[in-house]
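Taking it in order: structure first as structure tokens, then the write-up.
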Amino acid sequence: MRLVEGTAERLLYVAENLREQDQKEVLSSHGKDAKEACMESWVHSQFSQCYEGDDGNPVGIWGVNDLGDEQIIWLLGTKNLTATKSHRRQMHRLTIGILQDLVANGCDYLHNWCMAENKTSLHWLRHLGFTIDEPAPFGAQNDMFCHFWRRH
């Protein structure tokens with residue numbers, strides 16, 4: 001796995017293969033389908049990249065929307081993003097590097113919301129040093145989400 005530039009073709013591939021939990025989350029939080037969520041998240045981000053899997057196919061996209069004193073960090077992926085032990089290990093290494101680079105570039109407060117039922121993502125976010133708040137109603141459908149944040 002490696003980080004590559006996001007192209008329209010790569011973004012579309014991720015959107016068309018977005019994992020079910022990510023589809024559910026963006027619909028619940030923002031009322032967006034997979035393609036809208038991927039394209040709009042990408043366009044509104046000041047920092048963004050694409051994860052490319054070991055087979056050369058895109059497996060995820062991430063970015064940060066800088067709102068001044070706070071930065072909204074996001075990640076959308078295909079099922080192959082974490083399908084293998086190699087991908088999970090490489091994604092962890094790359095993400096740690098991303099977080100270090102973001103801090104070096106002035107991102108002092110990274111945050112977003114994750115569906116409370118998404119235990120895998122919440123566990124991973126905790127492992128990356130994010131604080132996870134208690135579930136609360138959030139988003140277009142008022143489902144239960146956990147605010148997560150990391151201050152540097």
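Note that the coordinates shown come from a computational prediction; the quantities given were computed from them, not determined experimentally.
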Pair Asn112, Trp149: side-chain N/O donor-acceptor within cut-off below 3.5 Å: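 Result is no, nothing qualifies.
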
Less than 4.5 Å apart, side chain to side chain, heavy atoms only: is that true for [X] and [Y]?
{"X": "Thr78", "Y": "Leu18", "answer": "no"}
{"X": "Glu40", "Y": "His30", "answer": "no"}
{"X": "Arg10", "Y": "Asn57", "answer": "no"}
{"X": "Leu75", "Y": "Asp22", "answer": "no"}
{"X": "Met1", "Y": "Val59", "answer": "yes"}
{"X": "Phe145", "Y": "Ser28", "answer": "yes"}
{"X": "Gln71", "Y": "Asn65", "answer": "no"}
{"X": "Arg150", "Y": "Phe148", "answer": "no"}

Verify the cluster assignment for [X] and [Y]: are they in a single hydrophobic cluster under the rule of side-chain heavy atoms below 4.5 Å apart?
{"X": "Leu81", "Y": "Val4", "answer": "no"}
{"X": "Val26", "Y": "Leu122", "answer": "no"}
{"X": "Ile96", "Y": "Leu94", "answer": "yes"}
{"X": "Leu11", "Y": "Leu76", "answer": "yes"}

Backbone N/O of Ala83 and side chain of Asn80: donor-acceptor pair under 3.5 Å: no

Flag, side chain of Lys119 to backbone of Ala116, donor-acceptor distance under 3.5 Å: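 Yes; judged by distance alone, with no hydrogens or angles, the pair exists.
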
Look up atom [atom1] in [X] and atom [atom2] in [Y], then write down how far apart they are to the nearest 0.5 Å.
{"X": "Glu5", "Y": "Glu52", "atom1": "CD", "atom2": "CD", "answer": "12.0 Å"}
{"X": "Leu128", "Y": "Ile98", "atom1": "CG", "atom2": "CD1", "answer": "10.0 Å"}
{"X": "Cys146", "Y": "Phe138", "atom1": "SG", "atom2": "CZ", "answer": "11.5 Å"}
{"X": "Ile72", "Y": "Gln46", "atom1": "CD1", "atom2": "CD", "answer": "10.0 Å"}
{"X": "Cys38", "Y": "Leu12", "atom1": "SG", "atom2": "CG", "answer": "9.0 Å"}
{"X": "Ile61", "Y": "Ser45", "atom1": "CD1", "atom2": "OG", "answer": "8.5 Å"}

Salt-bridge contact Glu117-Lys24 (side-chain N to carboxylate O under 4.0 Å):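 Result for this pair is yes, salt bridge flagged.
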
Lys35/Glu16 salt bridge by N-O under 4.0 Å criterion: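 Answer for the salt bridge query: no.
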
Where is the tightest heavy-atom contact between [X] and [Y], given as atom of each residue plus distance?
{"X": "Pro58", "Y": "Cys50", "answer": "CB-SG, 3.9 Å"}
{"X": "Ser41", "Y": "Ala37", "answer": "OG-O, 2.7 Å"}
{"X": "His87", "Y": "Thr84", "answer": "N-OG1, 2.9 Å"}
{"X": "Arg19", "Y": "Lys79", "answer": "CB-N, 4.0 Å"}
{"X": "Cys107", "Y": "Val64", "answer": "SG-CG1, 4.4 Å"}

CA sep, side-chain torsions, deciding dist, call: Trp42, Trp62, side chain to side chain contact (heavy atoms under 4.5 Å, CB included): CA-CA 8 Å; Trp42 191 267; Trp62 73 272; over 6 Å; no

Which residues pass the ring pair (Phe, Tyr, Trp, His ring centres under 6.0 Å) test with [X], not counting sequence neighbours?
{"X": "Tyr13", "answer": "none"}
{"X": "His127", "answer": "His92"}
{"X": "Trp124", "answer": "none"}

Stepwise side chain to side chain contact (heavy atoms under 4.5 Å, CB included) check, Arg151 with Thr131: CA-CA 9 Å; Arg151 190 174 303 279; Thr131 298; over 6 Å; no

Met91/Thr82 under side chain to side chain contact (heavy atoms under 4.5 Å, CB included): CA gap, chis, key distance, verdict: CA-CA 8 Å; Met91 185 180 163; Thr82 57; 3.9 Å; yes

Gln90: side chain to side chain donor-acceptor pair (under 3.5 Å) partners, not counting sequence neighbours: Asp54, Ser86

Residues in side chain to side chain donor-acceptor pair (under 3.5 Å) contact with Thr7, at least two apart in sequence or another chain: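 Once residues adjacent in sequence are excluded, Thr7 has no partner under the side chain to side chain donor-acceptor pair (under 3.5 Å) criterion.
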
Audit row: Ile132, Leu125, side chain to side chain contact (heavy atoms under 4.5 Å, CB included) steps and yes/no: CA-CA 8 Å; Ile132 312 296; Leu125 288 162; 3.9 Å; yes

Selection residues 93-110 - residue pairs positive for side-chain hydrogen bond (donor to acceptor under 3.5 Å, both in side chains), sequence neighbours left out: Tyr51-Thr95

Output field: ring centroids His111/Trp113 closer than 6.0 Å: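 Ring centres of Trp113 and His111 closer than 6.0 Å.
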
